[in-house]
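Structure, as structure tokens:
Every chain is numbered from 1 and lettered A, B, ... according to where its sequence line falls, protein lines coming before strand lines.
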Amino acid sequence: MRIATWNVNSVGARLPRLLAWLDNNRPDVLALQELKCTTADFPAAAVAELGYEVAAHGGGRWNGVALLSRVGLAEVSYDLPGQPGFPETEVEPRAVGATCGGLRVWSLYVPNGREPGHPHYEYKLAWFQALAAATTLELATSPQRPFALVGDFNVAPTDADVWDPAVFADSTHVTPAERAALARLLDLGLTDIKPRALKGEPYTFWDYRGGSFYKGQGMRIDLVYGNAAFAASVTDAYVDRDERKGTGASDHAPVVVDINV
DNA sequence: ATGGTAGCCTGGCTA
């Protein structure tokens, strides 16, 4: 089975690239983030022509996540149990889970955090707490079933995952509290499935501004966290760095993982 | 080059 995750930064703007990428790479399951469209406006018919069922969860202008599958799509869950909102009462579409064939998977778009100390940063940390609680429940339900959290975590796990740690000092994505939130997920039994470094870079995201991509100024923030059954079945993992090239690219590249499931 | 780019929906927010 091939599973991939991709922050497309607007599924509408990315539709030609998305359809071509699906056709060329044929993932069994694709998790999308930053749809930037409503659930009703998701191009379900276009991906259905390629054989994919869809669980889309959109809100319109920002956020939005989806799971595409051609190996079944069951037990769909929208939002994490107890997912915090921003503001408090507004739960944003940032999580969708489903069972696809023998795999249980969640597509996640973790809040950015903006700046340490900002209310959005506290929201991000609270969001991770809900994610840990949800993961605990999922792992207890079916401990032996392959399980993975995939998506845009908006945290670089280590200093090796940012192009220049000095540039990010005192910024979000690298703070001890954010990395502790990732460590908590590892403590629950998940493994960071690290993609092969292509061109010497482990990155999955390059800012649009300032020619970051061509300068090698990226970050690895799109992650695949799998349980033991998932991690043991991995045969390959890589970043499709070429998808970041050219006009009309997302600022994130797809992360692809092949598993024996 | 006195912030840079892209995407949403129209001057500003978000990343």
Picking from B:dC8, B:dT14, B:dA15, which would you name as closest to the side chain of A:Ala13?
B:dC8
For DNA chain B, what residues of residues 239-246 of chain A have any heavy atom nearer than 4.0 Å?
none
Rounded to whole angstrom units, what separation is found between the CG atom of A:Asp41 and the P atom of B:dC8?
11 Å
Can you check the distance between B:dG3 and B:dA15, where both ends of the measurement are the C1' atom (answer in whole Å)?
15 Å
B:dC9 to B:dT5 separation - P atoms, rounded to the nearest Å:
22 Å
Do any of residues 204-212 of chain A sit with a heavy atom less than 4.0 Å from DNA chain B, and if so which?
A:Tyr208, A:Arg209
Could you go over nucleotides 1-3 of chain B and give all protein N or O partners under 3.5 Å, atom names and distances?
none

Suppose we call two aromatic rings close when their centres sit under 6.0 Å apart. Are A:Phe147 and A:Phe230 close by that rule?
no
B:dC13 phosphate, OP1 or OP2, under 4.0 Å from A:Arg114 side-chain N/O
no
Extract all donor-acceptor atom pairs below 3.5 Å that involve side chains of residues 39-51 of chain A and protein atoms in other chains or at least two apart in sequence.
| residue | atom | partner | partner atom | Å |
| --- | --- | --- | --- | --- |
| A:Thr39 | OG1 | A:Gly58 | N | 2.9 |
| A:Thr39 | OG1 | A:Gly58 | O | 3.4 |
| A:Asp41 | OD2 | A:Thr38 | OG1 | 3.2 |

Could you give the side-chain donor-acceptor pairs of residues 100-119 of chain A under 3.5 Å, partners two or more places apart or in another chain?
| residue | atom | partner | partner atom | Å |
| --- | --- | --- | --- | --- |
| A:Arg104 | NE | A:Glu138 | OE1 | 3.1 |
| A:Arg104 | NE | A:Glu138 | OE2 | 3.3 |
| A:Arg104 | NH1 | A:Glu75 | O | 2.8 |
| A:Arg104 | NH1 | A:Thr99 | OG1 | 3.1 |
| A:Arg104 | NH2 | A:Ser77 | OG | 3.0 |
| A:Arg104 | NH2 | A:Glu138 | OE2 | 3.3 |
| A:Trp106 | NE1 | A:Glu138 | OE2 | 2.6 |
| A:Ser107 | OG | A:Leu32 | O | 2.9 |
| A:Ser107 | OG | A:Gln33 | NE2 | 3.1 |
| A:Ser107 | OG | A:Ala66 | O | 3.4 |
| A:Tyr109 | OH | A:Glu34 | OE2 | 3.4 |
| A:Asn112 | OD1 | A:Arg114 | N | 2.7 |
| A:His118 | ND1 | A:His120 | N | 2.8 |

Checking A:Asp207 against A:Ser212: is there a side-chain donor and acceptor pair closer than 3.5 Å?
no
Rounded to the nearest angstrom, tell me the gap between atom CG in A:Leu35 and atom P in B:dA15.
15 Å
Just the rounded figure in Å: distance from C1' of B:dA15 to CG of A:Asn112.
6 Å
Using heavy atoms to find the nearest nucleotide of DNA chain B for A:Asn9 and A:Pro111 separately, return the residue whose nucleotide is more 5′.
A:Asn9
Over all atoms of both residues, closest heavy-atom pair of A:Glu243 and A:Trp21:
OE1-CD1, 3.4 Å
Would you call A:Asp187-A:Arg184 a salt bridge at under 4.0 Å N-O?
no
Expressed in angstrom and rounded to an integer, what is the separation of A:Asn7 atom CG from B:dT14 atom P?
17 Å
What's the gap between B:dG7 and B:dG11 when it is taken at their C1' atoms, as a whole Å value?
14 Å
Distance, C1' atom - from B:dC13 to B:dT2, rounded to whole angstrom:
23 Å
Toward the 5' end of DNA chain B, by each residue's nearest nucleotide, A:Gly248 or A:Gly113:
A:Gly248
Do A:Lys36 and A:Asn9 have side-chain N/O donor and acceptor atoms under 3.5 Å apart?
yes
Sub-4.5 Å side-chain heavy-atom contact between A:Asp240 and A:Trp6:
no
A:Arg17 CZ to B:dA6 P: how many Å, rounded?
12 Å
Partner of A:Asn154 under side-chain contact (heavy atoms from CB on, under 4.5 Å), picked from A:Ile221, A:Thr172, A:Leu223, is A:Ile221
Measure NZ/A:Lys36 against C1'/B:dT5 and give the value in whole Å, please.
11 Å
Other members of the hydrophobic cluster containing A:Leu137, with the 4.5 Å side-chain heavy-atom rule, please.
none
In whole angstroms, the gap separating C1' of B:dA15 from CD of A:Glu92 amounts to 13 Å
In whole angstrom, give me the gap between the C1' atoms of B:dT10 and B:dT14.
15 Å
Could you check whether A:Phe213 gets within reach of a base, just the sugar-phosphate, or nothing at all, counting any heavy atom under 4.0 Å?
nothing
Check: A:Asn63/A:His57 side-chain N/O donor and acceptor closer than 3.5 Å
no
note: A:Phe86, atom CZ; B:dC13, atom P; distance rounded to Å ~ 14 Å
Determine whether the side chains of A:Thr175 and A:Tyr121 contain a donor N or O and an acceptor N or O closer than 3.5 Å.
yes
Any chance the side chains of A:Gln83 and A:Tyr78 put a donor and an acceptor closer than 3.5 Å?
no
